Amino acid sequence: MKTTASVRKAAPEDIESIYRIISSYSEEGVLLSRSIEDINVNLNNFLVAEVGRAIVGVVTFYDYGDRLKEVRSLAVDKNQLRRGIGSALLNALISELNRANAPRIFVLTYAAGFFKKNGFSIIDMDTLPEKIWKDCANCPRQDSCNEVALEYTGT
Ligand SMILES: CC(C)(COP(=O)(O)OP(=O)(O)OC[C@H]1O[C@@H](n2cnc3c(N)ncnc32)[C@H](O)[C@@H]1OP(=O)(O)O)[C@@H](O)C(=O)NCCC(=O)NCCS
């Protein structure tokens with residue numbers, strides 16, 4: 001069943017909810033962890049989804065400059081999955097980024113199916129600038145990594 005969630009820019013009072021939702025996935029190794037301080041410093045780049053007065057999802061991005069942006073920390077409350085909230089957040093973020101300067105938008109993720117449904121296509125990691133994948137060389141999972149790179153190509 002779809003839920004009507006409203007998506008808006010995050011405000012300081014959302015920080016704890018954002019932290020809680022991201023942590024529920026970073027503890028499983030699905031997302032990178034984010035500290036309260038890190039969220040606070042970058043709050044301007046976060047969007048949240050709200051149902052009633054409850055924060056049920058979050059998304060942000062990293063700006064590499066050169067019109068290259070990475071979708072980061074997209075997470076939906078585990079009790080609210082498969083109701084369209086992740087798609088609503090992602091679409092709102094893409095609209096916002098496209099309003100700015102039509103950048104190249106990519107993601108590194110284990111949830112490739114979700115991103116494909118939302119207009120992303122799988123790309124070769126090598127097509128991304130070296131600064132993005134150079135850290136892979138130091139990662140213990142480099143030989144068994146299931147993360148996939150996808151780029152927004154439109155629906
Ligand atoms: C990925 C995630 C954000 C999806 O949120 P959601 O609100 O459940 O997504 P939606 O309801 O908008 O899903 C839209 C469609 O994507 C597909 N989809 C959703 N989650 C999926 C998943 N984990 N794997 C594959 N396909 C998925 C489904 O086909 C779904 O449509 P359907 O329910 O009609 O079949 C959520 O599962 C999540 O928080 N995952 C953990 C964190 C993560 O992996 N984030 C992405 C990396 S930044």
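Remember, it's 1-based here, ligands and their atoms both numbered in the order they're listed. Quick caveat: nothing in here was measured; it's all calculated off a predicted structure.
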Q: State, without any angle test, whether Arg34 and Ser26 hold a side-chain donor-acceptor pair at a distance under 3.5 Å.
A: no
Q.
What I want to find out is whether Arg8 reaches Asp14 closely enough, with some N-O distance under 4.0 Å, to be called a salt bridge.
A. yes
Q: With sequence neighbours excluded, tell me which residues meet salt bridge (charged side-chain N to carboxylate O under 4.0 Å, His left out) with Arg104.
A: Glu151
Any protein N or O within less than 3.5 Å of an N or O in ligand 1? List each pair with its distance, or say none.
residue: ligand 1; atom: 7 (O); partner: Gly86; partner atom: N; Å: 2.7
residue: ligand 1; atom: 8 (O); partner: Arg82; partner atom: N; Å: 2.8
residue: ligand 1; atom: 11 (O); partner: Arg83; partner atom: N; Å: 3.2
residue: ligand 1; atom: 11 (O); partner: Gly84; partner atom: N; Å: 2.8
residue: ligand 1; atom: 12 (O); partner: Ser87; partner atom: N; Å: 3.0
residue: ligand 1; atom: 12 (O); partner: Ser87; partner atom: OG; Å: 2.5
residue: ligand 1; atom: 26 (N); partner: Phe114; partner atom: N; Å: 3.3
residue: ligand 1; atom: 29 (O); partner: Lys117; partner atom: NZ; Å: 3.3
residue: ligand 1; atom: 33 (O); partner: Arg82; partner atom: NE; Å: 3.1
residue: ligand 1; atom: 35 (O); partner: Arg82; partner atom: NH2; Å: 3.4
residue: ligand 1; atom: 39 (O); partner: Val76; partner atom: N; Å: 2.9
residue: ligand 1; atom: 45 (N); partner: Leu74; partner atom: O; Å: 2.8

(Q) Does atom CD1 (Ile36) have a neighbourhood of more than 12 heavy atoms from anything else shown, all under 6.0 Å? (A) yes
Q: Apply salt bridge (charged side-chain N to carboxylate O under 4.0 Å, His left out) to Arg82 and list each qualifying residue two or more places apart in sequence or on a separate chain.
A: none
Show me the donor-acceptor pairs within less than 3.5 Å that the side chains of residues 39-49 make with the rest of the protein, sequence neighbours left out.
residue: Asn42; atom: ND2; partner: Asp38; partner atom: O; Å: 2.9
residue: Asn42; atom: ND2; partner: Asp38; partner atom: OD1; Å: 2.8

